[in-house]
2 protein chains.
Amino acid sequence: MSDVKIQPRLPKGMRDYLPQDMLKREYVFGVVRDVFHLYGFEPLQTPVMELSEILMGKYGEDAEKLIYHAQHPGGKEELALRYDLTVPLARVVGQYQNDITLPFKRYQLAPVWRAERPQRGRYREFVQCDVDIVGIADMSADAEVIGVVVSVLKKLGFPQFTVKINNRKLLTAIGQYSGVPDAQLGDLYRSVDKFDKIGADGVRKELVERGIGGEAVARMMDLIVAHEPGLGNLDVLDQAMGSIPAAQEGIRELRELAAALGDMYISQEDYDIDFTMVRGLGYYTGPIFETTIEEPNLGSVSGGGRYDDLVGMFRKESLPTTGVSLGIERIIDLMDYLSLYPDTIHGTVVQVMVTLFDTSTRAESSKLAAELRGQGICTELQLEERKLGRQFQAADRRGIPLVAVLGPEEITQGVVKLKRLSDGEESTVPRSEAAAKVRELLK
Amino acid sequence: MSDVKIQPRLPKGMRDYLPQDMLKREYVFGVVRDVFHLYGFEPLQTPVMELSEILMGKYGEDAEKLIYHAQHPGGKEELALRYDLTVPLARVVGQYQNDITLPFKRYQLAPVWRAERPQRGRYREFVQCDVDIVGIADMSADAEVIGVVVSVLKKLGFPQFTVKINNRKLLTAIGQYSGVPDAQLGDLYRSVDKFDKIGADGVRKELVERGIGGEAVARMMDLIVAHEPGLGNLDVLDQAMGSIPAAQEGIRELRELAAALGDMYISQEDYDIDFTMVRGLGYYTGPIFETTIEEPNLGSVSGGGRYDDLVGMFRKESLPTTGVSLGIERIIDLMDYLSLYPDTIHGTVVQVMVTLFDTSTRAESSKLAAELRGQGICTELQLEERKLGRQFQAADRRGIPLVAVLGPEEITQGVVKLKRLSDGEESTVPRSEAAAKVRELLK
């Protein structure tokens with residue numbers, strides 16, 4: 001078998017996570033899950049592959065070019081790997097109407113696949129992490145998913161972030177107010193979406209190039225670039241176009257949302273009403289949210305919004321739904337950049353390594369390891385003979401904090417010598433007290 | 001968007017896990033991970049898709065027909081969804097020779113895909129859960145992976161199980177001893193593998209039909225069906241064919257393995273030397289293990305063994321490797337059958353639901369929920385107006401143990417009324433003490 005040699009390599013844009021990386025990722029996933037549970041979101045899991053017909057036609061043509069298709073020899077179904085977690089949620093809500101009680105608050109933390117051109121920080125397999133509330137039209141649901149984002153970022157230790165909030169209804173109203181025909185609203189969204197990249201002048205220029213009249217563009221830009229503190233932007237809009245029904249509704253929603261955020265003790269410093277924030281996906285119908293971090297600015301760390309129509313594709317009547325997706329891969333990159341990992345995340349799960357003196361003492365080393373494991377201590381046992389110095393070196397290189405030495409002398413005396421590698425602190429204790437001492441030295 | 005209707009359904013042989021199921025699964029995954037950490041195994045993650053060339057040629061033709069292939073529009077790589085976690089591990093070991101220190105003890109808990117004919121209890125996407133030790137030839141490594149299986153099953157509460165142990169070298173030796181030509185050893189394995197299903201007579205008949213001489217079959221069956229308690233089977237073999245080198249080595253290995261298990265306090269009642277146990281996969285080279293549960297017998301709940309050559313397909317020189325895969329899906333089925341889940345796993349993550357009296361008290365309900373969440377209590381907030389009785393019903397149906405009532409009276413008095421749904425126990429406490437009281441009532 002070992003005669004055939006194969007170059008070990010990965011598909012383009014995909015990654016392995018070796019233990020050191022995994023432990024960091026799992027720390028972040030753990031914090032995220034804890035927050036989801038605090039807010040009463042329940043876990044859901046859907047298969048990696050969906051029938052193609054479930055996915056296609058939901059994301060827009062450009063996105064759908066990025067979907068991976070799958071097949072097994074002789075298989076008759078057309079399958080595709082999921083592109084996000086939102087469409088699978090909508091399918092689930094349609095499929096299990098008798099098993100799901102509303103409101104349905106679920107989270108899913110799982111990989112998705114998009115065959116985008118690989119580039120720094122962008123991968124073809126990446127984890128998405130979504131919370132959604134199905135069945136509640138009230139803005140308190142939108143506030144709750146924003147609350148999850150705020151709590152996650154605070155728990156992870158991010159010193160600064162801003163949740164930008166807008167409303168699709170307001171974008172539509174601004175278009176109407178400015179005289180942009182409905183058919184061109186998509187163009188409008190796409191251009192405004194580039195505000196961060198190309199600035200107000202860039203957007204202005206692009207809108208004119210797209211054939212929207214100069215006067216309309218001017219009227220619109222005045223409103224979009226409004227930047228009053230707090231809810232001031234809403235007052236500006238209200239004054240200008242409070243008589244347009246879509247604007248009325250959008251403004252009312254955002255005021256209710258802001259009030260609901262206040263009732264959750266979320267400070268006005270943590271969010272901002274920003275009419276230049278659009279969000280790419282086609283299915284949003286109401287408030288939309290996006291969270292940015294100023295330093296370093298790697299792009300948004302969460303995005304979401306209300307999409308009251310999507311679930312309706314999979315059941316007779318739609319259900320009001322709102323949700324948010326954490327940009328968990330970007331958050332993980334930022335955790336490293338900002339050194340936000342606690343000291344306890346140090347490259348290994350192992351708390352203590354039990355040394356092996358020689359084969360004559362193997363049984364006792366093995367027993368000690370079993371005893372420590374029985375007491376809940378994560379224990380590595382040296383499995384092969386090796387010089388003691390090399391065993392210490394290996395423990396140190398792997399980041400194992402403690403070494404338990406068990407030579408013939410210790411065995412005769414019924415003791416263990418424990419050594420903390422960070423400062424050389426040593427302690428010899430009876431074997432029955434080894435686990436307790438390990439706990440003490442780890443503090 | 002909601003005009004297009006799509007029948008919500010799943011691909012054949014695939015499943016969704018709604019929250020109640022997920023919570024049970026995650027409990028099992030959590031126990032399993034804890035045990036892996038106790039033994040010093042570190043997490044690894046590889047992508048769902050591998051290059052086809054990595055997977056093909058490792059599992060045998062029949063298996064490879066079951067592999068899902070994937071592609072994106074315009075993609076040039078031939079991709080496939082992983083079939084197990086062992087070949088990806090071998091690739092990783094070959095690919096990151098500078099980043100991995102030996103011994104490399106990793107676990108991976110992740111889905112794999114096999115397009116088998118769907119049937120009761122068998123799915124096309126299922127989770128595998130593997131621990132492997134790369135770089136140790138000594139039987140103490142095999143003992144450690146068996147130790148993991150024993151600890152997992154005990155921690156999960158299984159009252160009975162047996163780890164069956166055999167050695168590929170012994171199967172080979174038995175073949176040689178009986179006069180089976182090397183080219184027919186594969187046939188021999190395949191027939192013996194059916195021992196549990198077709199019995200000794202069935203195996204005998206099949207071997208003769210495969211063209212193995214009647215005398216050879218008789219000699220072999222005498223050895224294979226040996227059933228002495230403890231290590232007695234090894235003595236039987238030693239006596240019959242101790243002069244055959246493969247037999248010598250195989251017997252020595254299993255005796256060392258048994259000694260190493262003893263050194264881990266693993267009782268002889270938990271394992272058994274069984275020459276009828278073969279394991280399907282082609283890559284095993286030494287000891288092999290399989291765990292069965294008598295009641296109910298749904299098939300093996302773990303399988304594994306030593307495969308010293310596989311890693312050599314991806315690097316210049318191979319490395320001795322041994323490992324075990326937990327049949328985690330079967331274990332989950334058995335947990336239900338044997339009612340092994342603790343009472344704390346009860347269909348929801350939510351510990352308390354905060355009611356909503358009416359819109360005038362919404363702010364206070366929201367604040368109470370935020371306060372409880374801030375104290376680490378998993379809290380569901382009633383988001384829409386509804387009769388109080390209906391709110392209690394919904395909490396009860398979802399399995400939420402406590403309800404926190406906050407009406408105008410409680411708000412005026414600065415108190416909360418907490419009610420435990422299981423026994424109707426009620427308690428009114430100042431709001432600042434609500435979290436502590438919730439903890440007390442949950443005990």
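Predicted model, so just to flag it, every value in this text is computed and none were measured. Throughout, a chain's letter reflects where its sequence line sits, starting with A, and its residues are numbered from 1.
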_Close side-chain approach of A:I133 to B:L383, heavy-atom, < 4.5 Å_ = yes
*Side chain from CB out, backbone as N, CA, C, O: work out which of these in A:V48 comes under 4.5 Å of a heavy atom of chain B, or both, or neither.*
both
*Taking B:Q45 for its side chain and A:M22 for its backbone only, find out whether a donor-acceptor pair lies under 3.5 Å.*
no
*Options B:E380, B:R91, B:R398, B:E317, ranked by heavy-atom pairs under 4.5 Å with chain A, top entry*: B:R91
*Contacting region of A:T101 [heavy-atom separation from chain B under 4.5 Å]*: side chain
*Roughly how far apart are B:I67 CD1 and A:Q71 CD, rounded to 0.5 Å?*
15.0 Å
*With respect to B:Y265, which candidate in A:K367, A:R373, A:E371 satisfies the side chain to side chain donor-acceptor pair (under 3.5 Å) definition?*
A:E371
*Out of B:E64, B:E144, B:R106, B:R25, which one racks up the most heavy-atom pairs below 4.5 Å with chain A?*
B:E144
*Could you tell me which non-hydrogen atom of B:T46 sits nearest to which non-hydrogen atom of A:E125, and how far apart they are?*
O-OE2, 4.4 Å
*If you count heavy-atom pairs under 4.5 Å between each of B:G74, B:A369, B:A115 and chain A, which one has the most?*
B:A115
*Among A:L44, A:D99, A:V350, which residue forms the greatest number of heavy-atom pairs with chain B at distances under 4.5 Å?*
A:L44
*Between chain B and each of A:A143, A:P73, A:G147, A:P11, count heavy-atom pairs under 4.5 Å; write down the option with the most.*
A:P11
*Closest-packed option against chain B by number of heavy-atom pairs under 4.5 Å, given A:G262, A:A370, A:S140*: A:S140
*asked:* Please determine whether the number of non-hydrogen atoms from other residues, nucleotides or ligands lying under 6.0 Å from atom CD of B:E385 exceeds 12.
replied: yes
*Would you sort out whether B:K76 and A:K12 count as a side-chain contact (heavy atoms from CB on, under 4.5 Å), showing the intermediate values?*
CA-CA 10 Å; B:K76 291 193 185 80; A:K12 231 190 246 173; over 6 Å; no
*If every non-hydrogen atom of A:V349 is compared with every non-hydrogen atom of B:P43, which pair is closest and at what distance?*
CG1-CD, 4.2 Å
*Among A:E364, A:M14, A:H69, which residue forms the greatest number of heavy-atom pairs with chain B at distances under 4.5 Å?*
A:H69
_Student check: side-chain heavy atoms of B:S365 and A:D263 closer than 4.5 Å_ = no
*Which one, A:R124, A:M353, A:Q20, leads in non-hydrogen pairs under 4.5 Å with chain B?*
A:R124
*asked:* Can you confirm whether B:P8 sits close enough to A:V92 that some side-chain heavy atom of one is under 4.5 Å from a side-chain heavy atom of the other?
replied: no
*Do you know which two heavy atoms are closest between B:L79 and A:Y68, and how far apart they sit?*
CD1-CE2, 3.7 Å
*asked:* Can you tell me which of B:G376, B:A137, B:A363 forms the most heavy-atom pairs within a distance under 4.5 Å of chain A?
replied: B:A363
*asked:* Is any side-chain heavy atom of B:R362 closer than 4.5 Å to one of A:D138?
replied: yes
*Where on A:I136 is there a heavy atom nearer than 4.5 Å to chain B: the side chain, the backbone, both, or neither?*
both
*Is there a donor-acceptor pair closer than 3.5 Å between any side-chain N or O of A:K5 and the backbone N or O of B:K316?*
yes
*Is any side-chain N of the basic residue among A:R9 and B:E53 closer than 4.0 Å to the acidic one's carboxylate O?*
yes
*Provide the closest heavy-atom pair for B:P47 versus A:R15 in the form atom of the first, atom of the second, distance.*
CD-O, 3.2 Å
*Sort A:I377 into side chain, backbone, both or neither according to what part of it lies under 4.5 angstrom from a heavy atom of chain B.*
backbone
_Please classify the contact of A:K105 with chain B as side chain, backbone, both or neither, using a heavy-atom distance under 4.5 Å._
side chain
*Minimum side-chain heavy-atom gap A:L18-B:Y96 below 4.5 Å*: yes
*Any side-chain heavy-atom pair of B:Y39 and A:C378 under 4.5 Å*: no
_Any side-chain to backbone donor/acceptor pair from B:K65 onto A:H72? Under 3.5 Å, distance only._
no
*So how far is it from A:R315 CZ to B:Q7 CD, rounded to the nearest 0.5 Å?*
13.0 Å
_Could you measure the distance from the CG atom of B:L81 to the CE atom of A:M49? Nearest 0.5 Å is fine._
5.0 Å
*Please determine, among B:P88, B:P103, B:A70, B:A260, the option with the most heavy-atom pairs under 4.5 Å with chain A.*
B:A70
*Checking A:E26 against chain B: side chain, backbone, both or neither under 4.5 Å from a heavy atom?*
side chain
*Side chain / backbone / both / neither for A:I266 at chain B, heavy atoms under 4.5 Å*: neither
*chain A heavy atoms under 4.5 Å from B:L368: which part of the residue, side chain, backbone, both or neither?*
neither
_Using every non-hydrogen atom in the two residues, find where B:S366 and A:M264 come nearest and quote the distance to one decimal._
OG-CG, 3.4 Å
*Determine whether B:L51 and A:L10 make a side-chain contact, defined as any pair of heavy atoms from C-beta on separated by less than 4.5 Å.*
no
*Heavy-atom proximity to chain B below 4.5 Å, by part of A:F36*: neither
*Any A:Q351 side-chain heavy atom under 4.5 Å of B:H37 side chain*: no
*Sort out for me which of B:L66, B:D16, B:I400, B:D308 touches chain A most, counting heavy-atom pairs under 4.5 Å.*
B:D16
*Would you mind checking which part of A:F41 comes under 4.5 Å of any heavy atom in chain B, side chain (CB onward), backbone (N, CA, C, O), both or neither?*
backbone
